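In what follows, a single structure is set out as structure tokens and then discussed.
The analysis underlying the following values was restricted to heavy atoms, covering all of them including side chains, and did not include hydrogens, waters or symmetry mates. Quantities reported herein were computed from a predicted structural model and do not represent experimental measurements.
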Amino acid sequence: MAAYGSRVYRYKGHFFSYWTDWDAHPQLLGLHAAAEIPRDSTSFDAYVRFKKLELEKLLKSEAGKPSSFERLKMSLEGLLDDADDERDIIEGDYFFHFELCEEPPVHGCFTYEIDLDNLIFYFLGEPMFDLRNMPDKDQYLAYLESVDIMEWNLKFPEVREGHRYKVPPPVVEDSSWLKAYKRLGARCTDIHNVLGVGPHMNHIETTRMKIMEICLLASLPFMKNSCGLGLNAMLLDPIPYRALSRLYNICDLFSGPLVFDNSDQFSKWELLRKDHLKSGYDRRIFRWLDKGYLCMLAVNRLDSEDTLRAEIASLADQIAAFYKKDCTNKSTFYGAILSIYDVSIVRLRVVNHRVQVESHTPALRYLPQNQSSSTYTPGIEALSRLGNLIYQNYLHRKFLTQRSRRHKLWSGGILLPTEIYLRIAQYLPYRTITSLASVSLQWAHVAIEMLQHPYFIIRSEDCQQQPYSYRVVPTIRQDLGPEGSLYPVSFQALDDRGRNVKIHLTTDVTAELRQRQESYCLGEDLELHEWRKKCQIRAVIDNI
């Protein structure tokens, strides 16, 4: 039958892929892949040793050969004859095409992966079984056949504990990082102590946190191992590009302006100029999001105290290397160490040419467990409070420090009470408020106050030229939506005419609603098992 797929072995971080155009169903290639794995421990240990020796020889024989991309380029240029391709293999009734990859390959509808590094069996790129305790034939087929491959958001069954895969414990291979952390004398404490703010969140911080909860909830279906995320982001070294990109975008979203606008002319650079992700495959694990004020370090995992300490020492080392030529006294700045699941916020300072780690949080989970569980996580709270502080500081630098000379020109003008400026600003779009910040010191303070609020720009069929602008008032609500279903979160807001409305945020962008609405893309499109999907949230306006 014309069902194409692949059998894959993972060894030393490399992927040995054997893909075929035929008979890749679970009842055929699926059983073929599982049948080679012994069920008793003695035979299994021998199988692993033999398979590793076989793959080691293959790995050495492939050294120096062109990569799959290079071979494709050579083939298109007529420098390689596909008919003489030595990577085509006949094995029993199967005709396989061999490919050696450094990231998880995606070949066809069905993939069966035997991970010899971590003793995990994957189906369709997702971890399922412990190789040391595979289910029997009937159970194995029942698990695999329960997955509906016609759905883009694949739902996998809960595997019984005995057969379920085990995540290998984290190991710090270089103990010098732990010694370096000890020399730093860092203090582990709560997020409010690290940031130097009050223990309780204010309304602006809470609003940002609730919006971030919805954004991360929308991203859960896209956290697939086949995309280099999920477990692969923990176990692959180096970190897959897709994981690096996702971690950067999460940190960027948390620390930037919360303006949701689908206009082609809109750019966050209008409000915040930062070192955004460059085009192409940027694989830097250390980056500045706001140079001199906020940096991030992408890591595989933070799920043990030793790995956290080692990564904090690594962050200090990266910053020291950055300031090597200009390591003068610096004010306090922050670093965010992120894995695909956890985050630690670090408070730093450069004094006398040395990087000091003043304090840091423990590893905090920020990714929700699943879409049905509570959206709150301590990591989201920490990132939201950090992002709000960084954005506040940026607005002060942009509108007060950098425009002080312009403000002096207005110093002799007529001054109005601040309440009047705020009243006027309620009817202005964010672009106009940004421009008015240059007029006077009073307008600059008003801009700082107003631009901390989220804005939702909605374009509807009845008003294409002038879109509707809604500014969120920092009051969190839990209300029933217009269809009688509970939205994850709702906000009170004002439109550009000063009228009160409610904005409901949801991750469901498919339901047909009569209310004014807009969907916002939260990142680049993702290819998920041949489905091209966007990570989106939807804003629905009620009581217009």
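- Contact annotation: the side chain of Ile204 approaches that of Asn388 to within less than 4.5 Å [non-hydrogen atoms, C-beta and beyond].
- Take Tyr181 and apply the ring-ring contact (aromatic ring centres under 6.0 Å, His included) test, not counting sequence neighbours, and it matches His360.
- Counting heavy atoms from C-beta outward, Trp288 and Phe322 have side chains that approach closer than 4.5 Å.
- Checked against salt bridge (Lys or Arg N to Asp or Glu O under 4.0 Å), Arg10 has the following partners two or more places apart in sequence or in another chain: Glu113, Asp115.
- The side-chain tip of Lys210 does not point at the ring of Phe491 from less than 6.0 angstrom away and within 45° of straight on.
- A 6.0 Å sphere centred on NZ of Lys291 holds no more than 12 heavy atoms belonging to other residues, nucleotides or ligands.
- Residues Ile120 and Leu235 form a side-chain contact, since some pair of their non-hydrogen atoms from C-beta on lies under 4.5 Å apart.
- Contact record, Arg208 with Leu253: NH1-O, 4.1 Å, taken as the closest heavy-atom pair.
- Side chains of Val357 and Val346 form a contact here, defined as non-hydrogen atoms less than 4.5 Å apart.
- Taking the six-membered ring where the residue is Trp, Tyr9 and Tyr18 present perpendicular rings, their angle passing 60° and hence far from 30°.
- Ring pair Tyr520/Phe260: centre-to-centre distance below 6.0 Å.
- In this structure, Asp342 does not pair ionically with Arg365, as no charged nitrogen and carboxylate oxygen lie closer than 4.0 Å.
- Looking at Phe456 and Leu258, their side chains never come closer than 4.5 Å, going by heavy atoms from C-beta outward.
- Taking the ring centre of Tyr112 as origin, the terminal cationic atom of Arg7 falls outside the region bounded by 6.0 Å and 45° from the ring axis.
- Using the six-membered ring where Trp is involved, Phe16 and Tyr11 have ring planes that are tilted, between 30° and 60° apart.
- Cation-pi geometry between Arg246 and Tyr241 is not satisfied (NZ or CZ under 6.0 Å from the ring centre, within 45° of the ring normal).
- Checked for salt-bridge contact, Glu518 and Arg538 miss the test: no charged N lies under 4.0 Å from a carboxylate O.
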For residues 183-193, which side-chain donor-acceptor pairs fall under 3.5 Å, sequence neighbours excluded?
residue : atom : partner : partner atom : Å
Thr189  : OG1  : Asn193  : ND2          : 2.9

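- The shortest side-chain heavy-atom distance between Thr506 and Val489 does not fall under the 4.5 Å cut-off.
- Under the salt bridge (Lys or Arg N to Asp or Glu O under 4.0 Å) criterion, Glu56 pairs with Lys12, sequence neighbours left out.
- For Arg403, the salt bridge (Lys or Arg N to Asp or Glu O under 4.0 Å) test picks out no residue, with sequence neighbours left out.
- The shortest side-chain heavy-atom distance between His445 and Leu400 falls under the 4.5 Å cut-off.
- With sequence neighbours excluded, no residue forms a salt bridge (Lys or Arg N to Asp or Glu O under 4.0 Å) with Glu311.
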